[in-house]
Asker: 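Just dropping this structure here.
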Number of protein chains: 2
Amino acid sequence: MSSRPTIKEVSKIAGVSFKTVSRVLNNEKHVSEETRRRVEEVVAQLNFRPSHAARTLAGRRSFQVALLYDNPSPYYVFHIQAGALERCHELGYRLLMQPLESAAPDLVPEVMALVDEAHLDGLILSPPLTEMPELIEALDKRKLPYVRIAPGLRKDHGLATTMDDVAAAREITRHLIHLGHRAIAFVRGPESHVSSADRLAGYRQELEAHGIAFDPALVIAGDYSFQSGGAAARALFARAPRPTAIFAGNDDMAAGALAAAHEADVAVPEALSIAGFDDSDLARAVWPPLTTIRQPVRELAYAAADLMLAGNAITPQVTLEHELKVRATTGPAPKG
Amino acid sequence: MSSRPTIKEVSKIAGVSFKTVSRVLNNEKHVSEETRRRVEEVVAQLNFRPSHAARTLAGRRSFQVALLYDNPSPYYVFHIQAGALERCHELGYRLLMQPLESAAPDLVPEVMALVDEAHLDGLILSPPLTEMPELIEALDKRKLPYVRIAPGLRKDHGLATTMDDVAAAREITRHLIHLGHRAIAFVRGPESHVSSADRLAGYRQELEAHGIAFDPALVIAGDYSFQSGGAAARALFARAPRPTAIFAGNDDMAAGALAAAHEADVAVPEALSIAGFDDSDLARAVWPPLTTIRQPVRELAYAAADLMLAGNAITPQVTLEHELKVRATTGPAPKG
DNA sequence: CCCGTCGCTGGCAGCGCTGTCTAAAATCAG
DNA sequence: CTGATTTTAGACAGCGCTGCCAGCGACGGG
């Protein structure tokens with residue numbers, strides 16, 4: 001570990017006080033153009049980067065935020081990470097990825113310890129951590145800035161980026177209805193995610209808007225996993241008459257249902273239509289490719305970081321557009 | 001942002017000097033049992049966590065390492081992250097996830113700037129960053145500790161965790177040969193990953209060990225993406241006679257080939273066997289589920305962090321076991 | 001022509017710890 | 001029981017920055 005240059009060495013070479021170098025680094029005013037240029041030259045020449053630890057210790061900001069997650073989906077985590085990382089990087093912030101167990105009894109103290117230890121300037125919460133009342137409360141009490149990615153947004157509370165799950169679910173349900181389906185099953189996600197409830201609500205609303213009675217027996221509980229999608233489909237296949245379409249609350253479960261259909265020799269989409277939600281990598285990798293809703297995961301995270309670190313207070317909530325992706329797992333309802 | 005407790009407050013309550021608290025926190029000796037207990041009590045009671053920034057600045061260690069990656073696969077990144085994060089957490093280290101572009105001209109200065117800025121204690125490199133000579137050289141010169149995850153290991157240079165790609169590729173090729181396949185195509189990955197070359201070598205070796213001539217025409221270039229797997233399969237389907245098996249260098253490409261087979265109405269595994277490599281989430285999500293090699297991605301990363309932060313110098317290289325997962329995309333070669 | 005103001009710059013304390021040195025108490029050898 | 005050593009503890013500097021305050025020359029209003 002060779003010795004790294006410090007701000008003092010830079011100042012010596014540039015022939016100014018080290019305080020002036022600090023000003024240049026922090027883009028403060030009251031530095032003449034001439035001086036600024038000279039300092040910047042030396043900084044570039046030495047490839048100098050100020051010590052993050054020292055700035056954190058001396059200043060009131062750490063330029064460090066954490067993204068809290070508790071999600072088993074590689075796809076989801078990878079993309080929110082990418083989006084948040086990008087915006088943080090652009091704004092000169094560092095991002096700590098922090099997996100957590102939302103059910104752990106010491107969740108709040110754990111988070112607080114992390115905040116203290118790292119002097120965090122803010123927190124980005126992803127589902128289901130967006131829905132932990134004790135956490136939100138503790139954050140508010142501590143006046144710690146935070147954004148929530150894709151929460152239910154029932155109470156429009158604090159900074160958040162989201163998409164309209166209800167509208168999206170209605171859209172894909174409508175797509176199915178327009179194809180002639182009437183017996184449409186819904187595989188819901190875990191209770192802990194408000195998105196599951198929202199998608200269920202959208203499904204139900206659209207059904208009723210078309211005069212189709214909502215049938216609770218057609219709603220099967222899943223947990224957003226591939227396995228649970230397969231199990232749900234198998235349960236549905238055991239019924240007569242079989243529903244002609246399955247709308248799964250996410251792509252993993254839809255892929256599970258699709259695999260179950262293949263296994264049971266149910267032709268998709270001829271005998272059964274399947275729709276997912278998320279447009280994860282999986283949606284394009286299975287056969288036939290899944291009809292689904294594109295959720296702008298990466299953009300949601302990018303906007304979240306932006307909102308917290310560079311946002312104006314005028315628009316505390318940002319809603320991003322989803323998009324119905326009609327692919328090959330949905331088709332006209334079979335006759336009869 | 002309420003005020004966090006400091007080491008001085010802890011020391012005041014415990015009735016010792018703050019230096020003694022520091023000793024307890026760092027598990028140094030020369031502290032009486034009695035004193036240690038008392039201090040630990042106060043620490044727990046206040047939920048005190050020492051300021052990472054201050055320790056970094058004052059000490060010679062930052063308890064901070066970064067995991068460098070340049071990989072488009074959510075699955076891969078998610079799992080190395082999980083493994084590395086777990087071991088780092090256990091050892092009291094913080095992990096920075098740092099995406100990078102391995103082809104960028106300023107890769108080395110970028111990394112060095114990161115190291116300086118964060119006072120990093122070490123680096124975990126994942127493919128293809130494990131194979132950048134300038135990076136390795138710069139790291140060596142700076143005497144910065146690093147581990148490489150799954151490099152080629154041709155020159156056994158420095159710390160590394162790896163698996164035997166050659167042997168694994170031989171194994172799965174053997175499985176295909178035992179099923180009666182003779183015309184086995186191979187879809188290779190990008191040049192930048194040594195794993196592609198290793199897997200190709202294993203494929204070739206096993207072929208020749210069974211007296212099957214290696215046919216360069218049966219090797220199609222891919223880039224580890226789903227698309228490239230599909231393209232390779234379509235190119236193969238245009239040939240007569242068609243190979244009876246395709247061994248793809250990773251699961252994404254295998255899934256692409258599988259989708260192409262479905263599209264072209266080629267029955268898998270009856271008319272065509274397909275094998276992948278990695279045992280990613282995808283392998284179980286497609287239909288039929290893929291025969292593949294389980295690569296212990298998470299364990300590789302866990303071991304890497306362990307090697308660098310807690311390892312002994314005696315075993316600088318760790319090789320982890322792979323496992324052949326025979327699922328449903330491979331079957332007896334069609335007669336004819 | 002003096003004093004207030006503004007733009008630019010430097011001086012200095014201090015953020016919360018660790019490293020090192022030193023002092024006091026406890027332990028041990030002879 | 002004395003001198004040497006070890007264990008335990010505190011004092012203090014200083015890591016590399018930022019925040020705050022002071023200084024200094026230029027400029028302008030009265």
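Letters A, B, ... are given to chains in the order of the sequence lines, protein chains preceding strands, and every chain is numbered from 1. On a predicted model such as this, the values are computed, not experimentally measured, just so you know.
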Asker: Among C/dT18, D/dG10, C/dC15, which nucleotide sits nearest the side chain of B/V16?
Answerer: D/dG10
Asker: Take the protein atom CZ of A/F63 and the nucleotide atom P of D/dG16, then report the distance between them rounded to whole Å.
Answerer: 19 Å
Asker: Tell me the interatomic distance from A/L25, atom CG, to D/dT18, atom P, rounded to whole angstroms.
Answerer: 7 Å
Asker: Check whether any side-chain N or O of A/T20 sits under 4.0 Å from OP1 or OP2 of C/dT9, and answer yes or no.
Answerer: no
Asker: Take atom NZ in A/K12; do more than 12 heavy atoms of anything else shown fall under 6.0 Å from it?
Answerer: no
Asker: Is it the case that the base of C/dG10 and the side chain of A/R23 share a donor-acceptor contact (distance under 3.5 Å, atom types as modelled)?
Answerer: yes
Asker: Could you work out which one of C/dG10, D/dC17, C/dC17 sits closest to the side chain of A/I7?
Answerer: D/dC17
Asker: Side chains of B/Y224 and B/S195 only: does a donor on one sit below 3.5 Å from an acceptor on the other?
Answerer: yes
Asker: To the nearest Å, how far apart are B/H30 NE2 and C/dA24 C1'?
Answerer: 15 Å
Asker: Tell me whether A/E137 at atom CD has more than 12 heavy atoms from other residues, nucleotides or ligands lying less than 6.0 Å away.
Answerer: no
Asker: Which whole-number value in Å describes the distance from A/R55 CZ to D/dC15 P?
Answerer: 19 Å
Asker: Classify the nucleic acid contact of B/T56 as base, sugar-phosphate or nothing, counting any heavy atom under 4.0 Å across all strands shown.
Answerer: nothing
Asker: When you measure from the side chain of A/T6, which nucleotide among D/dC17, D/dT18, C/dC17 comes out closest?
Answerer: D/dC17
Asker: Between B/E299 and B/R87, is there a side-chain N and carboxylate O pair less than 4.0 Å apart?
Answerer: no
Asker: Do the side-chain N or O atoms of A/R4 get closer than 4.0 angstrom to the phosphate oxygens (OP1, OP2) of D/dC17?
Answerer: yes
Asker: Using OP1 and OP2 only, check whether a side-chain N or O of A/S22 sits under 4.0 Å from D/dT18.
Answerer: yes
Asker: What nucleotide, of D/dA9, D/dA11, D/dT18, holds the atom closest to the side chain of A/A58?
Answerer: D/dT18
Asker: Taking the six-membered ring of A/F63 as reference, does the cationic atom of A/R94 (NZ for Lys, CZ for Arg) lie under 6.0 Å from its centre and within 45° of its axis?
Answerer: no
Asker: How bent is the helix from C/dC1-D/dG30 to C/dG30-D/dC1, measuring the angle between the end axes built from five pairs each, rounded to 10°?
Answerer: 40°
Asker: Salt bridge check, B/E41 against B/R36: does any charged N sit closer than 4.0 Å to a carboxylate O?
Answerer: no
Asker: Closest to the B/L57 side chain: C/dC15, C/dG19, D/dC15?
Answerer: D/dC15
Asker: Rounded to whole angstroms, how far apart are NZ on B/K19 and P on C/dC17?
Answerer: 12 Å
Asker: Strictly below 4.0 Å, heavy-atom distances to any atom of DNA chain C: list the hits from residues 45-53 of chain B, or just say none.
Answerer: B/F48, B/P50, B/S51
Asker: To the nearest Å, how far apart are B/R36 CZ and D/dA9 P?
Answerer: 9 Å
Asker: Count the heavy atoms belonging to other residues, nucleotides or ligands that lie under 6.0 Å from CD of B/E90, then report whether that count exceeds 12.
Answerer: yes
Asker: Without hydrogens or angle criteria, can the side chains of A/Y75 and B/D281 be said to hold a donor-acceptor pair below 3.5 Å?
Answerer: no
Asker: Has B/N26 got a side-chain atom pairing as donor or acceptor with B/S22's backbone, closer than 3.5 angstrom?
Answerer: yes
Asker: Can you tell me how far CE of A/M308 sits from OG1 of A/T161, rounded to the nearest 0.5 angstrom?
Answerer: 11.0 Å
Asker: Of the options D/dG10, C/dG11, C/dC17, whose atoms approach the side-chain atoms of A/S17 most closely?
Answerer: C/dG11
Asker: Tell me: CD of B/Q64 to P of D/dC15, nearest whole Å?
Answerer: 20 Å
Asker: Atom CG of B/N26 and atom C1' of C/dC17: how far apart are they, to the nearest Å?
Answerer: 9 Å
